[in-house]
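Naming convention: chains lettered A, B, ... in sequence-line order (proteins, then strands); numbering from 1 in each chain.
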2 protein chains.
Amino acid sequence: MSLQKLKQRALTNPDVKAEYEKLESEFNLIDQLLSMRTKAGLTQEQVAERMQTQKSNISRLEKGNANPSWSTLLKYAHACGFELSLKPQKIV
Amino acid sequence: MSLQKLKQRALTNPDVKAEYEKLESEFNLIDQLLSMRTKAGLTQEQVAERMQTQKSNISRLEKGNANPSWSTLLKYAHACGFELSLKPQKIV
DNA sequence: AGCGGAGTTATCATATGTGATAACAAGATT
DNA sequence: AATCTTGTTATCACATATGATAACTCCGCT
């Protein structure tokens, strides 16, 4: 069985699928956060200062299981010099 | 003094400005949430079902002082048939 | 007038995000 | 080797988001 087949089969399990999508979107979110920071050329500590918090909290945001609130996302984005809104894409 | 002038002057106060921007982005967020739901043609109750929660919680999301977590935003978007990512816009 | 659908508000218990501190790891620099 | 920078991890206390229930308003309909 190919890897693709295996993945596809696994994803027919609703629970697995949910977890997968959760991970995927989390990855995307983290990816987008990091992208903002690197584009701004800032360190975690610098972002932390601008957000009036600690660098460890920024690491937590970017590293593990991030489920930040909207206001935290806003603060982070602003610290990196970005305005923020949602980008909803219709699922086909 | 014109209204514009007054607004402009008020916004030179950092605290006022922060509050203003907070309100503005909150409005935008709520606006975007509502937009998704109406585009999907769903009632709050239908969205609530799909999110496995109560309609009152959806109302709270759309109505007052919303500061939802990313996972809540994802659930809401999915319930409305949307995928979700951030849209950062560089501040000039 | 009465009814049903849609949305709002208040409230409580619980889960979880966030702030803060400290200690550690890995690389670069001197 | 010693130091500094950057990022990571663990932990605790506290703030706040979320789930759930109930009662309410408003509006269109019969």
Side-chain angles (χ1 to χ4, degrees), chain A residues 14-15 18-19 21-82 84-86 88, chain B residues 14-15 18-19 21-82 84-86 88:
Chain A
D15 290 339
E19 279 308 307
E21 286 175 348
K22 189 171 135 197
L23 283 176
E24 192 171 48
S25 42
E26 257 176 20
F27 172 76
N28 287 339
L29 176 67
I30 293 175
D31 204 43
Q32 290 197 279
L33 291 181
L34 243 167
S35 165
M36 280 191 271
R37 185 164 68 84
T38 53
K39 274 176 188 160
L42 298 171
T43 67
Q44 288 185 346
E45 192 160 23
Q46 288 172 315
V47 173
E49 277 173 28
R50 300 183 182 199
M51 288 175 66
Q52 314 210 59
T53 182
Q54 267 54 42
K55 63 173 182 170
S56 57
N57 298 325
I58 308 301
S59 176
R60 178 171 54 191
L61 258 187
E62 295 179 357
K63 236 345 174 104
N65 295 9
N67 185 30
S69 69
W70 180 245
S71 76
T72 300
L73 291 173
L74 274 183
K75 282 185 212 158
Y76 185 98
H78 289 163
C80 296
F82 291 89
L84 211 55
S85 59
L86 295 181
Chain B
D15 289 339
E19 279 308 308
E21 287 175 347
K22 190 171 135 199
L23 283 177
E24 191 170 49
S25 41
E26 258 177 18
F27 173 75
N28 287 341
L29 177 66
I30 292 174
D31 205 42
Q32 290 196 278
L33 290 182
L34 243 168
S35 165
M36 281 191 269
R37 185 164 67 84
T38 52
K39 274 175 188 162
L42 297 171
T43 67
Q44 290 184 345
E45 192 161 24
Q46 287 173 315
V47 172
E49 278 173 27
R50 299 182 182 199
M51 289 176 65
Q52 313 211 57
T53 182
Q54 267 56 42
K55 63 173 183 170
S56 57
N57 298 324
I58 306 301
S59 175
R60 178 171 55 191
L61 258 187
E62 295 179 358
K63 235 350 174 99
N65 295 6
N67 184 29
S69 69
W70 180 246
S71 75
T72 301
L73 291 174
L74 274 184
K75 281 185 213 160
Y76 185 98
H78 290 164
C80 295
F82 291 90
L84 211 55
S85 59
L86 295 181

In whole angstrom, give the distance that lies between atom [atom1] of [X] and atom [atom2] of [N].
X: A:Gln44; N: D:dT5; atom1: CD; atom2: C1'; value: 12 Å
X: A:Ile58; N: C:dG17; atom1: CD1; atom2: P; value: 16 Å
X: A:Leu33; N: D:dG7; atom1: CG; atom2: P; value: 14 Å
X: A:Glu49; N: C:dG19; atom1: CD; atom2: P; value: 15 Å
X: A:Lys63; N: C:dT18; atom1: NZ; atom2: C1'; value: 20 Å
X: B:Gln46; N: C:dA6; atom1: CD; atom2: P; value: 7 Å

What pair of heavy atoms forms the shortest contact from [X] to [Y], and how long is it?
X: A:Leu86; Y: A:Trp70; result: CD2-CZ3, 3.6 Å
X: A:Ala40; Y: A:Cys80; result: CB-O, 3.4 Å
X: A:Ala66; Y: A:Leu61; result: CB-O, 3.0 Å
X: B:Lys55; Y: B:Ala48; result: N-CB, 3.5 Å
X: B:Met51; Y: B:Ile58; result: SD-CD1, 3.7 Å
X: A:Leu84; Y: A:Ala77; result: CD2-CB, 3.9 Å

Notebook entry, point to check: Going through the checks in order, is the side-chain contact (heavy atoms from CB on, under 4.5 Å) test met by A:Leu42 and A:Arg50?
Noted result: CA-CA 10 Å; A:Leu42 298 171; A:Arg50 300 183 182 199; 3.6 Å; yes
Check: Can a side chain N or O of B:Ser59 be found less than 4.0 Å away from OP1 or OP2 on C:dG7?
Finding: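 Answer is no, no contact under 4.0 Å.
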Next item on the list: Look at the side-chain N and O atoms of B:Arg37 and state whether any lies under 4.0 Å from the OP1 or OP2 oxygen of C:dA6.
Entry: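 For C:dA6, neither OP1 nor OP2 has a side-chain N or O of B:Arg37 closer than 4.0 Å.
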Note to self: If I take atom CG from residue A:Asn65 and atom OG from residue B:Ser71, how far apart are they, to the nearest 0.5 angstrom?
What the structure shows: 11.5 Å
Dump every N/O contact between nucleotides 28-30 of chain C and the protein below 3.5 Å, one line per pair.
none

Notebook entry, point to check: What salt bridge (charged side-chain N to carboxylate O under 4.0 Å, His left out) pairs are there with at least one residue in residues 61-74 of chain A, not counting sequence neighbours?
Noted result: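 Residue pairs passing salt bridge (charged side-chain N to carboxylate O under 4.0 Å, His left out), neighbours aside: A:Arg37-A:Glu62.
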Next item on the list: Summarise how protein sits on nucleotides 16-30 of chain D as a single string, 5' to 3': B when a protein heavy atom is under 4.0 Å from the base, S for sugar-phosphate-only contact, - for no contact.
Entry: -SBBBBB--------
